[in-house]
Asker: 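Have a look at this one.
Owing to the predicted nature of the structure, the values given are computational and were not obtained by experimental measurement. Each chain gets a letter, A, B and so on, in the order its sequence line appears, and its residues count up from 1.
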Protein chains: 2
Amino acid sequence: MDEFLATMKALSEKNRVRALMALRNGELCVCQMIELLGLAPSTVSSHMTILRRAGLVEIRRDGKWAYYRLNDGPLAACVLKVREIAFECLAADEQAREDARRLSSVREMPLEELCRHYKN
Amino acid sequence: MDEFLATMKALSEKNRVRALMALRNGELCVCQMIELLGLAPSTVSSHMTILRRAGLVEIRRDGKWAYYRLNDGPLAACVLKVREIAFECLAADEQAREDARRLSSVREMPLEELCRHYKN
DNA sequence: GCTACACTTCGGTAGATGGCGAAGTGAGTT
DNA sequence: AACTCACTTCGCCATCTACCGAAGTGTAGC
């Protein structure tokens, strides 16, 4: 029950859902998600922690960078199913589409440049 | 997106999930859910309103009684899928099982008696 | 070692949420 | 009409949550 509730809670907040949807096309660096969501680094970080604790995403650390991606390790069947349903339900969502468009630009920018950007 | 978030939010609270699960075996009067959940009538009422607005359940009024049941009218495919997943995920849940046991007793009691019970 | 940098954790604030009892609503009863 | 009763809505309070900036952590480079 608690695991199920944690999954639902993780997916009941708009910016977390946007972050999850953004990972469909591959892992993203935290600074890329900061740029996408337009939130403070600390806020994005805690959102990702919630998604991670729910088992929806996993982290990969590489030097000073941290990349998040969809958890494809051994995860509860329920979490996997809920995640799939979310993708299905929001496939045509306008916000998700716009994020996908912006992401294709964001992915082309060097990470260093992105980080300088939100420091201003 | 907003509809999806409303569905997730509705299912991210323990007592609401318990209420939804309780309706799997047929409609229940509000007073039966008050007895099951052990909450104040006003609290149960607002939980049911949230479930109803999310499209997960519907209401049937009969005189002074109000019965809630799973919404089997025309409802968004997403809501239906999420609800099915919830049932599947929680089929073996201990809390849900205990509620089901208690419910079989509660269903046998006359509604009048139940209402007198929580008025004390 | 020291600095710079990316990210996380902490502390605090404004707004949302779950809880209850009191008051309101509407149907049945006398 | 007046009353009763089941339920809902309202008003309030305690707790939780999303947000930010500041401080902390760990890595890379000088």
Side-chain angles (χ1 to χ4, degrees), chain A residues 2 5-6 8-20 27-54 57-69 106 109-120, chain B residues 2 5-6 8-20 27-54 57-69 106 109-120:
Chain A
D2 288 344
L5 292 174
M8 292 292 129
K9 217 173 267 278
L11 295 179
S12 68
E13 207 280 327
K14 188 165 189 169
N15 290 319
R16 282 197 293 269
V17 173
R18 290 175 65 195
L20 186 75
E27 69 179 12
L28 287 170
C29 180
V30 173
C31 61
Q32 294 174 305
M33 289 192 283
I34 290 167
E35 178 69 17
L36 177 71
L37 299 176
L39 295 172
S42 58
T43 305
V44 172
S45 183
S46 45
H47 278 318
M48 297 315 295
T49 300
I50 291 170
L51 287 171
R52 190 162 53 79
R53 281 211 252 261
V57 306
E58 59 187 346
I59 193 172
R60 178 177 73 85
R61 294 187 191 278
D62 180 18
K64 61 182 179 177
W65 309 96
Y67 296 87
Y68 283 92
R69 60 184 171 197
V106 170
M109 296 168 70
L111 299 184
E112 329 287 24
E113 193 181 327
L114 275 177
C115 292
R116 270 196 303 278
H117 180 240
Y118 65 75
K119 285 262 163 80
N120 296 339
Chain B
D2 288 343
L5 293 174
M8 292 293 130
K9 214 171 269 275
L11 295 178
S12 68
E13 207 280 327
K14 187 166 189 169
N15 290 319
R16 282 196 294 269
V17 173
R18 288 175 66 195
L20 186 75
E27 68 179 12
L28 287 171
C29 180
V30 173
C31 62
Q32 294 175 307
M33 288 193 283
I34 290 167
E35 178 70 18
L36 177 71
L37 299 176
L39 295 172
S42 58
T43 305
V44 172
S45 182
S46 47
H47 278 319
M48 297 315 295
T49 299
I50 290 170
L51 287 172
R52 192 162 52 80
R53 281 211 251 262
V57 307
E58 59 187 345
I59 193 172
R60 177 176 74 85
R61 293 189 192 279
D62 181 17
K64 62 181 179 177
W65 310 96
Y67 297 87
Y68 284 92
R69 61 184 169 197
V106 169
M109 297 169 69
L111 299 183
E112 326 286 17
E113 192 181 329
L114 275 176
C115 292
R116 270 195 304 277
H117 180 241
Y118 66 73
K119 285 264 164 80
N120 297 340

Asker: Counting side-chain heavy atoms from C-beta on, which of C:dT9, D:dC19, D:dT8 comes nearest to B:R61?
Answerer: D:dT8

Asker: Does A:T49 reach the side chain of A:R53, with side-chain heavy atoms less than 4.5 Å apart?
Answerer: yes

Asker: Indicate yes or no: at least one non-hydrogen side-chain atom of A:M48 is less than 4.5 angstrom from one of A:V30.
Answerer: no

Asker: Measure the spacing between CG of B:L114 and SG of B:C29 and express it to the nearest 0.5 Å.
Answerer: 8.0 Å

Asker: Among the nucleotides C:dC7, D:dT8, C:dG18, which one has an atom lying closest to any side-chain atom of A:A66?
Answerer: C:dC7

Asker: Is there a side-chain polar atom (N or O) of A:T43 under 4.0 Å from OP1 or OP2 of D:dC20?
Answerer: yes

Asker: Looking only at the side chain of B:L39 (C-beta and beyond, no hydrogens), which of the listed nucleotides C:dT8, C:dC20, D:dA18 gets closest?
Answerer: C:dC20

Asker: Whole Å only: how far is the CD atom of B:E27 from the P atom of D:dC7?
Answerer: 12 Å

Asker: Measure CG/A:N15 against C1'/C:dA16 and give the value in whole Å, please.
Answerer: 15 Å

Asker: So which nucleotide from C:dT8, C:dG18, D:dC7 ends up closest to the side chain of B:H47?
Answerer: C:dG18

Asker: Tell me what B:I59 touches on the nucleic acid: a base, only sugar-phosphate, or nothing, going by heavy atoms under 4.0 Å.
Answerer: sugar-phosphate

Asker: A:K14 near the nucleic acid: base, sugar-phosphate alone, or nothing, with a heavy-atom cut-off under 4.0 Å?
Answerer: nothing

Asker: Between D:dA18, D:dC19, C:dC7, which nucleotide has the shortest distance from any of its atoms to the side chain of A:R16?
Answerer: D:dA18

Asker: State which of C:dG18, D:dA6, C:dC7 makes the closest approach to the side chain of B:E13.
Answerer: C:dG18

Asker: Among C:dT9, C:dC7, D:dT8, which nucleotide has an atom closest to any side-chain atom of B:Y68?
Answerer: D:dT8

Asker: Provide, to the nearest angstrom, the distance between the CD1 atom belonging to A:I34 and the P atom belonging to C:dC5.
Answerer: 15 Å

Asker: Could you tell me how far apart B:L28 (CG) and D:dA6 (P) are, to the nearest whole angstrom?
Answerer: 17 Å

Asker: State whether the distance check finds a donor on one side and an acceptor on the other, under 3.5 Å, for side chain B:S42 versus base C:dG21.
Answerer: yes

Asker: I need the A:L28 CG to A:Y67 OH distance, nearest 0.5 Å.
Answerer: 10.0 Å

Asker: For B:R60 and D:dC7, give me the distance from atom CZ to atom P, rounded to whole Å.
Answerer: 12 Å

Asker: The side chain of A:K64 lies closest to which of these nucleotides: D:dT8, C:dA6, C:dT17?
Answerer: C:dA6

Asker: Can you measure A:D62 atom CG to C:dA6 atom C1' for me and round it to whole angstrom units?
Answerer: 12 Å

Asker: From the set C:dT9, C:dC20, C:dA6, return the single nucleotide nearest to any side-chain atom of A:W65.
Answerer: C:dA6

Asker: Report the distance from atom CE of B:M48 to atom C1' of D:dT9, rounded to the nearest whole Å.
Answerer: 17 Å

Asker: With side chain to side chain contact (heavy atoms under 4.5 Å, CB included) as the test, pick out the partner of B:Y68 among B:M33, B:Q32, B:R60, B:E27.
Answerer: B:M33

Asker: B:K9 side chain N/O closer than 4.0 Å to the phosphate oxygens (OP1, OP2) of C:dA16?
Answerer: no

Asker: Need one value for B:R52: base, sugar-phosphate or nothing, where a base atom within 4.0 Å counts as base even if backbone is also close, heavy atoms only.
Answerer: nothing

Asker: Figure out the CD/C1' separation between B:E112 and D:dC7, and round it to whole Å.
Answerer: 14 Å

Asker: Looking at OG of B:S45 and CG of B:L39, how far apart are the two atoms once the value is rounded to the nearest 0.5 Å?
Answerer: 12.0 Å

Asker: Identify which nucleotide among C:dC7, C:dG19, C:dT9 has an atom closest to any side-chain atom of A:T49, counting heavy atoms from C-beta outward.
Answerer: C:dT9

